[in-house]
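The shown structure was predicted, so the numbers you read here are calculated from the model rather than taken from an experiment. Side chains included, hydrogens not; waters and symmetry mates left out as well; all remaining heavy atoms used.
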Amino acid sequence: MAKFLIIRFSSIGDIVLTTPVIRCLRKQYPDAEIHFLTKQSYKSIAEHNPYINKIHTLGDSFDLMLHELAREEYDYIIDLHHNLRTLRIKRFLKKVKAFSFDKLNVEKFIYTNLKINTLPKKHIVDRNLETVASLGVVDDGLGLDYFIPEKDRINNKDLPASHMLGYIAVVIGAALATKKMPLHKLKELCASIQHPIILLGDKNDAEEGKAIAATDDIKIYNACGKFNLNESADILRGAKLVISHDTGLMHIAAALQKPIISVWGNTVPSFGMYPYYGKLSAQHHDIVQVNKLWCRPCSKIGYKKCPRGHFKCMENIAVNEIVNMVHHRLGR
């Protein structure tokens, strides 16, 4: 019986994007023991995955964690993070055969600095799966997984009565400011959509959510900071349509097979991290971005503010284009 350690420390979306590897590895090795190593703050994303036998977390003591991992006597390490910390783990467990994801950092540097795209035209999920191809693991075409525990299921009483017949989920947050539309654009978008809306984000998005909801507090419900991640995922599960920036909740929505309109700022879909439904899914997504803007992409991650000062990648987003997509999706 083989014993595997899969490593992905962060973040929400990146961990969700590893789930096809976990599921397909389980199908190829049904009797194997599969462990997953992540940060403590992201444990809830993986702990309800039935394909994982045990979760390890990166805590206060890296050395203690190394010794705990050594006691497990793994046969294989699947490193889907591939950074200095995972290198240290692999060196400590030097007798364990390791397979490491190629992050293509050189290609990303060329793209963000020289605006020459040499990246393969592949989704990152397919590249994750290539990491374990030599183990005989093949893609089952089923897309991403996200498992919501029963305790985090949303009851009808948790949402306004005005939203009981259906709503659009609008994810207003993002890890960094250059990946999200400015407040005035979000207000314009939500005001233009003639359908109940639930705003999603964490507690850091609560004030902006309050300002957006104030434009129409019957149509727009601000759920930012009111629900944990799994509860927010369940709100996504109940949505007719999801509008999102390039963020973790976008990937969770894709895992739940929801129709998505994704809005892109300083990052670009050609990085290979657009919504992924799997080869057997009939679901599809729409992409909204400012094309042929000379400074995009300016970063593979994002910034706290536009390094050029103009923020044209989001300021020039055509809100009416998104609204037209919404009406088309809703059959209006």
Side-chain angles (χ1 to χ4, degrees), residues 159-174 176-202 204-227 232 235-254 256 258-269 274-275 283-293 296 302 306 310-332:
L159 301 177
S162 55
H163 291 59
M164 289 298 98
L165 296 179
Y167 56 86
I168 295 168
V170 178
V171 181
I172 68 168
L176 291 161
T178 54
K179 296 176 73 172
K180 59 183 286 187
M181 285 187 285
L183 179 59
H184 71 93
K185 285 278 185 179
L186 288 166
K187 285 182 175 181
E188 180 186 353
L189 172 64
C190 293
S192 302
I193 295 173
Q194 301 307 310
H195 201 81
I197 292 170
I198 294 182
L199 305 177
L200 289 174
D202 62 22
N204 296 316
D205 305 305
E207 282 303 309
E208 284 200 353
K210 182 179 179 181
I212 297 166
T215 62
D216 188 335
D217 59 5
I218 300 298
K219 181 179 73 173
I220 306 170
Y221 173 60
N222 177 26
C224 297
K226 297 177 182 177
F227 299 92
S232 295
I235 291 174
L236 289 174
R237 187 182 61 84
K240 291 182 178 180
L241 173 66
V242 177
I243 302 171
S244 178
H245 303 118
D246 171 20
T247 188
L249 286 179
M250 177 187 77
H251 297 297
I252 292 175
L256 298 171
K258 305 308 295 186
I260 298 168
I261 299 172
S262 59
V263 183
W264 299 75
N266 81 284
T267 57
V268 290
Y274 47 87
Q283 191 57 267
H284 69 281
H285 66 279
D286 294 305
I287 289 174
V288 178
Q289 61 181 332
V290 178
N291 292 306
K292 298 181 180 179
L293 183 60
R296 287 183 77 228
C306 174
H310 54 66
F311 203 25
K312 289 181 180 179
C313 62
M314 281 301 190
E315 290 290 356
N316 290 359
I317 288 288
V319 169
N320 64 309
E321 180 184 354
I322 304 173
V323 175
N324 289 338
M325 288 177 177
V326 170
H327 291 164
H328 175 74
R329 290 275 193 168
L330 297 180
R332 293 187 176 186

Using a 3.5 Å distance criterion without hydrogens, assess whether the side chain of [X] forms a donor-acceptor pair with backbone atoms of [Y].
{"X": "Arg296", "Y": "Thr267", "result": "yes"}
{"X": "Lys179", "Y": "Gly265", "result": "no"}
{"X": "Tyr167", "Y": "Ile235", "result": "yes"}
{"X": "Lys258", "Y": "Lys240", "result": "no"}
{"X": "Lys219", "Y": "Ile193", "result": "yes"}
{"X": "His245", "Y": "Thr247", "result": "no"}
{"X": "Asp217", "Y": "Ala213", "result": "no"}
{"X": "Lys226", "Y": "Asn222", "result": "yes"}

Spacing of Ile168 atom CD1 and Ile243 atom CD1 [to the nearest 0.5 Å]: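 These two atoms lie 5.5 Å from each other.
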
Residues Glu208, Lys187; criterion side chain to side chain contact (heavy atoms under 4.5 Å, CB included); working and verdict: CA-CA 9 Å; Glu208 284 200 353; Lys187 285 182 175 181; over 6 Å; no

Under-4.0 Å salt bridge between Arg329 and Asp286: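 Salt bridge: yes.
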
Shortest non-hydrogen contact from Ile260 toward Pro275: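 Distance-wise, the nearest heavy atoms are CD1-CB, 3.9 Å.
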
Over all atoms of both residues, closest heavy-atom pair of Leu200 and Ala223: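 Taking every non-hydrogen atom into account, CD2-CB, 4.0 Å.
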
Parallel, tilted or perpendicular, as decided by the 30° and 60° cut-offs, for the rings of Tyr274 and His285: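 Geometry flag for Tyr274 against His285: parallel rings.
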
Identified side-chain contact (heavy atoms from CB on, under 4.5 Å) counterpart of Cys224 within the set Asp202, Asp205, Asn204: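 Considering Asp202, Asp205, Asn204, a side-chain contact (heavy atoms from CB on, under 4.5 Å) with Cys224 is found only for Asp205.
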
